[in-house]
Amino acid sequence: MAKEKALLLDATYFDTNGESRISLFVGKENEYQWICDKTFRPYLYVLTGKEEIQKTTTELKNFTFGDFEKFNVLSVTETKMQVNGKIALKVEFKRVTHLVQARKLLSELGFEKYEYDVPYSKRYLLDKRLQPGNWVEFDVLGEEEIKGEVIETTSKEKTFTSGEEEEENAAGIVGKTKLIQNITPLDGEFEGRAIAFDLETKVGKKFAIGAEPILMVSFVADDLGQKHTKYEKVISYNTTKVPGLELVDSEKEIIDEINTELNNPKNGYIVTYNGDNFDFAYTKDRARKLKVDFKVNGFEPKIVRKGMDNATRLQGIQHIDSFQIIKFLQRTGAINAVKLDIESVSEKVFGVYKEKVFPKEITEAWESGDKKQLERLVDYNLKDSQTALRIAKEFLPLFVEISKLTSQTLYETTRNSTSQMVEDLLMKEAHLREIIAPNKPKENQVQERTANPIKGAFVKEPIAGLHEAIAVLDFASLYPSIIISHNISPDTLNCSHPECKEKNSSPDGTWFCTKEKGLFSEILGRLIKQRLILKKEYKRKKKEEGIDDKILFAKQWALKIILNSAYGYLGYPRARWYSRECASAITAFARGYIQETIAKAENSGFKVLYGDTDSNFLQMGNKTKKDVEDFTEKVNKELPEGMELEIDGFYKRGIFVTKKEGGAAKKRYALMDEKGNLKIVGFEYVRRDWCLLARETQKKVIELVLKEGNPTEAAKFVQGVIKELKEGKVAKKDLVIMTLLQRDIKDYDSIGPHVAAAEKAIKRGKELGVGSMLSFIVTKGKEKASISDKAELEEYVEEGNYDAEYYLENQVLPAVIKIMAELGYSREDLLHGGKQTGLSAWS
DNA sequence: TAATTCGCTAGACCGA
DNA sequence: TCGGTCTAGCGAA
């Protein structure tokens, strides 16, 4: 038996000789192979009473399953695990299809079953704690001939091209595979060749996948490890030869090139930008129409439903869709972009301007063969692939770390939700501790949980007005630290010890064990400690060695994502480990801590201006920074271990405003730090559904007020804006209001301006749907027309056609009036420049 | 198949 | 035409 090491890329299974076998795609130094582990069977758990273990075992063993093909279970084993005092029996099957058929029948027979819906290859990765994207070590037993069909790793997946369902892929790997066993995770360096590709296609009357020919394709390859082996290529046909462009004879040959490039045996990863929905489906469809094969690594790319989206899965080789990466970063707040097209992302993430070439221009350039236009198109096509690859290169280290934590492939982690990541981690840790995972909730349970929301954070109403010298304190990782300090976990909830109830009760009335660590709290405790060490080391390296260690950064970042999602997961109705009591206790503790801190601050002579969830805004008055530090230290001494109040910063000035309905507005304020940097929170300035004119005017006003202390100048500035507005001089781009179409047009009860604009655009033939970002303008329109009547998508509006009255009354004025009001300026003062006061008015 | 709740504001909608 | 209520979107934490 020989030991081998390799980088693990994929886990799937093949049915060979009537049994399902785990197959892993592994490699090193850009050479890959499939290895097969025959020692691991699909399984589920069935519960039985302590007295009936033998009886149930025999019953299960003797039962004949199957509609057509009859089969028995492979084995039934008693485990040490229990659920509600019942014993879990591990039931193994020969094939995945057997498990799928049997689990239906088991329910009908009245058995309680667990972990019956964990996909086989996922199960394998979790149980073995393997880390795709990292290395593995295994024993090689020998080689075996395989004659198998591939079955997807999840049972619900269906293949289709342009919406039509196809037969299940019957392709297989035929040949020899290494048989292995005793696989274990191993630390090693992330490596591998990645190739990005991007298609340019012809536009027809109506867009549909595969409707028109592919016109051009670009490839960019590079090594994700240390080596740099850059390779670039752009190919077209039936057009002019320009620098950087290779010509072939036909579209068919384009597909040949795609086949050749994607099947370079050195490829470990194929990168696209929205290849999940476009490039693969398109190539697949064109290949079918042209009657040529399109396979990657021996298999047709498989388009599967993943949530509300499509995903394109390849066998072995990892398809990394950089668009999915970007969407994940947007969801977790790492980036905040209005549009997620590759041009905006290039600008936002890398600060690199990328020119957009529109579909019509693409077709035109190709058809005309105009050299200038074509060169522009070649450059555009190439940059698409370059940018997609750059995104993958930049962020894959993060997903490799997530893959290590959750034991999922990069294909999965780059597409998973944070709740899925938390759940994968919990499944893995639960298995290690011999804990059976709770079942996924049934739809009625989800409904019930949803209908019963958890009380959240405490927000203190601010004191409106302009304030000087503000100290902002906040709790470090408040929710995770509460989980850890109070040992909050579904398995420590309301334990039987009276002293735990005495010592560790939440303000909510629930209590948590103080004697044994819970699943949640233990894992989170470990993660938070690791993160602290990693952060420290990252900072040290940066400071002492001048090295920006991206791997260290990615490691702590992955932990941060998981830590921050833990509370949300507990309150997520679809979670296996959903716990209303736990989530509720966390927020109850949090409300308690923040309110206590506010009270302590007031007792120490601070005026508390505001507080939200985990933060505290103190007016310093006569107090010094040292006083704030002393106060923080005092609070920390009284906090349980693991919790910490930190000083976020000191601010020279800040403003809170009154609401329209009276009272001070929460979640909106502006601060200026000691260096003069502004922090604008919640105001229109940070909201994309306000036009740029209103937002920029507001920013300028805040600047003049906070920095210069000059409301007179601010008023003058606003008057200038109003003048331009009334004179019709404001550019279209400053008046665009952006809103996301969150549902299908027909599902709206209330037709707001953006929906009305979308409706009109659809009538003109524009394709819009859920997820479309709408940019609209309120045009002059007819008198007495509603705002919706006057709303039109930007692209249909001429420069200068805008409703000045609307933009004055509903955009610019509302954005600044509340701020100016705090300085004693009325609407009239603003419009006509009446008041001439300086700082004296408010100081 | 989607992490949570709190909060603000606009504009449609609807009945008096 | 007015004012209250509801729908919708987005941001803070």
Side-chain angles (χ1 to χ4, degrees), chain A residues 117 154 156-157 304-311 327-328 331-333 336 338 415-423 440 443 446 449-450 453-462 474-475 477-479 561-575 577-578 580 582-584 586-587 590-591 594 610-615 648 657-661 663-669 679-690 694 737-743 747-756 773-774 778 784 786-791 806 809-811 814-815 818:
Chain A
D117 52 2
T154 60
K156 284 180 198 157
E157 293 173 356
V304 298
R305 286 300 290 181
K306 183 138 177 133
M308 314 211 315
D309 214 353
N310 286 333
K327 281 201 280 190
F328 180 83
R331 281 205 303 276
T332 54
N336 182 9
V338 174
R415 289 167 180 81
N416 274 349
S417 62
T418 51
S419 69
Q420 190 58 251
M421 292 171 182
V422 173
E423 193 153 287
K440 284 186 188 164
E443 209 49 38
V446 173
R449 291 172 179 183
T450 309
I454 293 145
K455 193 173 169 191
F458 168 74
V459 189
K460 180 184 158 49
E461 185 179 311
D474 58 14
F475 283 95
S477 307
L478 179 64
Y479 288 2
I561 288 167
I562 303 279
L563 285 164
N564 284 346
S565 314
Y567 157 74
Y569 176 83
L570 282 169
Y572 171 49
R574 286 183 194 279
W577 274 275
Y578 172 88
R580 193 177 195 284
C582 288
S584 181
I586 294 165
T587 53
R591 290 192 299 273
I594 197 70
Y610 178 58
D612 183 351
T613 312
D614 60 356
S615 70
D648 164 77
V657 301
T658 342
K659 279 187 291 186
K660 199 166 195 174
E661 312 295 334
K666 299 166 177 177
K667 298 189 188 283
R668 4 181 84 201
Y669 56 85
K679 186 177 175 189
I680 301 176
V681 179
F683 276 121
E684 285 77 3
Y685 173 68
V686 299
R687 295 181 65 97
R688 65 158 177 247
D689 56 349
W690 282 74
I737 297 164
M738 286 199 269
T739 315
L740 188 70
L741 201 60
Q742 304 230 49
R743 53 180 81 164
D747 296 334
Y748 281 93
D749 291 330
S750 179
I751 310 300
H754 70 295
V755 183
M773 182 58 75
L774 305 172
V778 177
K784 281 193 182 172
S786 73
I787 295 164
S788 286
D789 290 337
K790 290 188 272 192
Y806 170 82
E809 294 293 340
N810 300 35
Q811 291 277 325
K818 287 288 158 193

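Excluded from the calculations below are hydrogen atoms, water molecules and symmetry mates; all remaining heavy atoms, backbone and side chain alike, are included. Keep in mind the model is a prediction, meaning the values are calculated, not measured. Chain naming here is simple, since letters A, B, ... match the order of the sequence lines and numbering starts at 1 in each.
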For [X], which contact category applies under a 4.0 Å heavy-atom criterion: base, sugar-phosphate, or nothing?
{"X": "A:G568", "result": "base"}
{"X": "A:F458", "result": "nothing"}
{"X": "A:L740", "result": "sugar-phosphate"}
{"X": "A:S565", "result": "nothing"}
{"X": "A:Y578", "result": "nothing"}
{"X": "A:N810", "result": "sugar-phosphate"}
{"X": "A:F475", "result": "nothing"}
{"X": "A:L570", "result": "nothing"}
{"X": "A:R574", "result": "base"}

Would you say A:T587's side chain and A:I454's backbone share a donor-acceptor pair under 3.5 angstrom? no
Side chain to side chain contact (heavy atoms under 4.5 Å, CB included), that's the test. Do A:L478 and A:Y567 meet it? Break it down for me. CA-CA 10 Å; A:L478 179 64; A:Y567 157 74; over 6 Å; no
Using the test side-chain contact (heavy atoms from CB on, under 4.5 Å), find all partners of A:A664 that sit at least two apart in sequence or belong to another chain. A:E461, A:P462, A:A464
Restricting to side-chain contact (heavy atoms from CB on, under 4.5 Å), what partner residues turn up for A:N564, sequence neighbours left out? A:K560
Integer-rounded Å distance: [N] [atom2] and [X] [atom1]:
{"X": "A:I787", "N": "B:dT9", "atom1": "CD1", "atom2": "P", "result": "17 Å"}
{"X": "A:D614", "N": "B:dT5", "atom1": "CG", "atom2": "P", "result": "17 Å"}
{"X": "A:K306", "N": "B:dT1", "atom1": "NZ", "atom2": "P", "result": "8 Å"}
{"X": "A:F328", "N": "B:dA2", "atom1": "CZ", "atom2": "C1'", "result": "14 Å"}
{"X": "A:I561", "N": "B:dA3", "atom1": "CD1", "atom2": "C1'", "result": "13 Å"}
{"X": "A:Y567", "N": "B:dT5", "atom1": "OH", "atom2": "P", "result": "6 Å"}
{"X": "A:E809", "N": "B:dG11", "atom1": "CD", "atom2": "P", "result": "11 Å"}
{"X": "A:N416", "N": "B:dA2", "atom1": "CG", "atom2": "P", "result": "8 Å"}

From the set [options], return the single nucleotide nearest to any side-chain atom of [X].
{"X": "A:W690", "options": "B:dA10, B:dA3, B:dG7", "value": "B:dA10"}
{"X": "A:S788", "options": "B:dG11, B:dT5, B:dA3", "value": "B:dG11"}
{"X": "A:Q420", "options": "B:dT9, B:dA2, B:dG7", "value": "B:dA2"}

With sequence neighbours excluded, residues passing ring-ring contact (aromatic ring centres under 6.0 Å, His included) with A:Y569: none
Residue list, ring-ring contact (aromatic ring centres under 6.0 Å, His included) with A:Y669, at least two apart or on another chain: A:Y610, A:F617, A:F656
Using a cut-off of under 3.5 Å, enumerate the N/O to N/O pairs linking the protein to nucleotides 13-16 of chain B.
residue, atom, partner, partner atom, Å
B:dC13, OP1, A:I751, N, 3.3

Going by atom types only, do A:D789 and A:S786 share a side-chain donor-acceptor pair under 3.5 Å? yes
DNA chain C: 5'-most and 3'-most nucleotides touching chain A, 4.0 angstrom heavy-atom criterion: C:dT7 to C:dA13
Got a salt bridge between A:K666 and A:D612, using NZ or NE/NH1/NH2 to carboxylate O under 4.0 Å? no
Between A:D309 and A:K327, does any NZ, NE, NH1 or NH2 come within less than 4.0 Å of an OD or OE carboxylate oxygen? yes
On DNA chain B, does the nearest nucleotide to A:A664 precede the nearest nucleotide to A:I454 from the 5' side, or the other way round? Give the residue. A:I454
When A:K460 and A:N564 are each assigned the nearest nucleotide of DNA chain B, the 5'-most assignment goes to A:N564
Once rounded to the nearest 0.5 Å, what's the spacing between atom CG of A:D648 and atom OG of A:S615? 8.0 Å
Kindly say if A:R668 contacts the phosphate of B:dT9, meaning a side-chain N or O under 4.0 Å from OP1 or OP2. yes
Check whether any side-chain nitrogen or oxygen of A:K667 sits under 4.0 Å from OP1 or OP2 of B:dC8, and answer yes or no. no
Say we look at B:dA2 and C:dA13: how far apart would their P atoms be, to the nearest angstrom? 27 Å
Full working for side chain to side chain contact (heavy atoms under 4.5 Å, CB included) between A:K818 and A:R668: CA-CA 11 Å; A:K818 287 288 158 193; A:R668 4 181 84 201; over 6 Å; no
